[in-house]
A.B. asks: 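I'd like to ask you about the structure that follows.
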Amino acid sequence: MGSAALEILGLVLCLVGWVGLILACGLPMWQVTAFLDHNIVTAQTTWKGLWMSCVVQSTGHMQCKVYDSVLALSPEVQAARALTVGAVLLALVALFVTLAGAQCTTCVAPGPAKARVALTGGALYALCGLLALVPLCWFANIVVREFYDPTVPMSQKYELGAALYIGWAASALLMCGGGLVCCGAWVCTGRPDFSFPVKYSASRRPTATGDYDKKNYV
């Protein structure tokens, strides 16, 4: 029962991390305008993401524009798009694999083969977390490097956006959840008879007197 609880907990963490990764991929806040001038009052704030850039006015009005050409984007944005979308799709595959091998499902017969399927699903989730870290860390490194570069004008300096922090948290959840799924499946690898404890009982039949049979069926 403990291994089944580990698998369920790991799957929940992976699902939360998957949603967070989708959110980080879609949000336009990978880069946020850095205010380094002495003037505190700013007229607008610029956000840049993988798919669009937004300008937020001081009045609260926001305008977003989707990038026109993929080929005109910088190499880091193109790579971040491919890796992030690939991680999201791989997490979807990992979900089906994990559900097929989970002890609480009957897609695969209980035994070492079922445990290996769940182990594969957990490993895929951990791989998703590592794959998502690559564009996040690469993008953050570029933002920090340009921030401290004296040759970059003040108006073109950016800070780390909220989408990067959401992506890092999602990657951590995917790796932790995948590790828990692997731990729960590893316990059952050498236990052919180790399965989710579910008991079935036969329905009671009425007797000739109208009462139900008191005999228990397991």
A.B. asks: Which pairs pass salt bridge (charged side-chain N to carboxylate O under 4.0 Å, His left out) with one or both residues in residues 98-114, sequence neighbours excluded?
C.D. replies: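 Output for this query is empty, none listed.
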A.B. asks: Under the side-chain contact (heavy atoms from CB on, under 4.5 Å) rule, collect the residues that match up with Pro75, sequence neighbours excluded.
C.D. replies: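 Here no residue qualifies.
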A.B. asks: With sequence neighbours left out, write down each residue that passes side-chain contact (heavy atoms from CB on, under 4.5 Å) with Asp149, or none if nothing qualifies.
C.D. replies: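 Testing Asp149 for side-chain contact (heavy atoms from CB on, under 4.5 Å), a comparison that skips the adjacent residues, returns Thr151, Val152.
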A.B. asks: Backbone N or O of Thr46 within a donor-acceptor pair of the Thr33 side chain at under 3.5 Å?
C.D. replies: yes
A.B. asks: Enumerate the side chain to side chain donor-acceptor pair (under 3.5 Å) contacts for residues 62-76, please, sequence neighbours excluded, ordered by first and then second residue.
C.D. replies: Lys65-Asp68, Ser74-Glu76
A.B. asks: Return the minimal non-hydrogen interatomic distance between Thr84 and Pro135, and the atom names on each side.
C.D. replies: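 For Thr84 and Pro135, the tightest heavy-atom pair comes out as OG1-CG, 3.7 Å.
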A.B. asks: Quick one: closest heavy-atom pair of Ile166 and Ala24, and the distance?
C.D. replies: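 Minimum heavy-atom separation between Ile166 and Ala24: CG2-CB, 4.2 Å.
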A.B. asks: What side-chain donor-acceptor pairs closer than 3.5 Å can you find for residues 9-23, not counting sequence neighbours?
C.D. replies:
unit_1	atom_1	unit_2	atom_2	d
Trp18	NE1	Val88	O	3.2

A.B. asks: In sequence, state the C-alpha distance, the side-chain angles, and the governing distance for Leu95 and Leu99, and then conclude on side-chain contact (heavy atoms from CB on, under 4.5 Å).
C.D. replies: CA-CA 6 Å; Leu95 173 63; Leu99 288 177; 4.0 Å; yes
A.B. asks: Can any side-chain N or O of Lys157 pair as donor or acceptor with the backbone N or O of Glu146 at less than 3.5 Å?
C.D. replies: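 At least one qualifying donor-acceptor pair exists.
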A.B. asks: Is Leu50 linked to Val85 within one hydrophobic cluster, defined over Ile, Leu, Val, Met, Phe, Trp and Tyr using a side-chain heavy-atom separation of less than 4.5 Å?
C.D. replies: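 Both belong to a single hydrophobic cluster.
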A.B. asks: To the nearest 0.5 Å, how far apart are CG in Leu90 and CG in Leu83?
C.D. replies: 11.5 Å
A.B. asks: Could you check if a side-chain atom of Tyr158 sits within less than 4.5 angstrom of a side-chain atom of Lys48, using non-hydrogen atoms only?
C.D. replies: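 Of all side-chain heavy-atom pairs linking Lys48 with Tyr158, at least one is under 4.5 Å.
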A.B. asks: Could you pull out all residues at least two apart from Leu160 that satisfy side-chain contact (heavy atoms from CB on, under 4.5 Å)?
C.D. replies: Ala140, Val143, Val144, Leu164, Tyr165, Trp168
A.B. asks: State, to 0.1 Å, how close Leu133 and Met175 come at their nearest heavy-atom pair, and which atoms those are.
C.D. replies: CD1-CE, 3.7 Å
A.B. asks: Suppose we screen for disulfide (SG to SG under 2.5 Å). Which residues come up paired with Cys64, at least two apart in sequence or across chains?
C.D. replies: Cys54
A.B. asks: With sequence neighbours excluded, give me every disulfide (SG to SG under 2.5 Å) pair touching residues 128-173.
C.D. replies: none
A.B. asks: Under a single-linkage rule joining Ile, Leu, Val, Met, Phe, Trp and Tyr whose side-chain heavy atoms are separated by less than 4.5 Å, which residues share a cluster with Leu71?
C.D. replies: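 Leu71 clusters with nothing; isolated.
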A.B. asks: Could you tell me whether the side chain of Gln78 and the main chain of Leu73 form a donor-acceptor pair under 3.5 Å?
C.D. replies: yes
A.B. asks: Quick one: which residue pairs count as a ring-ring contact (aromatic ring centres under 6.0 Å, His included) with a foot in residues 83-139, not counting sequence neighbours?
C.D. replies: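 Output for this query lists Trp30-Phe139.
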A.B. asks: Apart from Val55 itself, which Ile, Leu, Val, Met, Phe, Trp or Tyr residues share its cluster (side-chain heavy atoms under 4.5 Å, direct or through members)?
C.D. replies: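 Taking Ile, Leu, Val, Met, Phe, Trp and Tyr as members, Val55 stands alone, with no cluster partners.
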A.B. asks: Would you check if the side chain of Trp51 reaches a backbone N or O of Leu27 as a donor-acceptor pair within less than 3.5 Å?
C.D. replies: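 Judged by distance alone, no pair lies under 3.5 Å.
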A.B. asks: Locate the shortest heavy-atom distance separating Ala118 from Ala102; write the atom from each residue and the value.
C.D. replies: CB-N, 4.3 Å
A.B. asks: Atom OG1 in Thr98, atom CG in Leu119: separation rounded to 0.5 Å?
C.D. replies: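 Rounded to the nearest 0.5 Å, the OG1-CG separation comes out at 10.0 Å.
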A.B. asks: Would you please test Trp47 and Gln31 for side-chain contact (heavy atoms from CB on, under 4.5 Å) and show each step?
C.D. replies: CA-CA 6 Å; Trp47 298 344; Gln31 290 177 305; over 6 Å; no
A.B. asks: Quick check: is Leu92 connected to Leu174 through a chain of hydrophobic side chains (ILVMFWY, heavy atoms under 4.5 Å apart)?
C.D. replies: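 Yes; tracing contacts between hydrophobic side chains, which count when under 4.5 Å, links both residues.
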A.B. asks: Search all heavy atoms of Gly122 against all heavy atoms of Cys182 and return the closest pair with its distance.
C.D. replies: C-SG, 3.5 Å
A.B. asks: Given the rule that I, L, V, M, F, W and Y join up when any side-chain heavy atoms are under 4.5 Å apart, are Met62 and Met29 in one cluster?
C.D. replies: yes
A.B. asks: Minimum heavy-atom separation for Ser171 to Leu136, with atom names?
C.D. replies: OG-CD1, 3.8 Å
A.B. asks: Please say yes or no: joined through hydrophobic side-chain contacts below 4.5 Å, possibly via intermediate residues, are Val97 and Leu173 part of one cluster?
C.D. replies: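 In one cluster: no.
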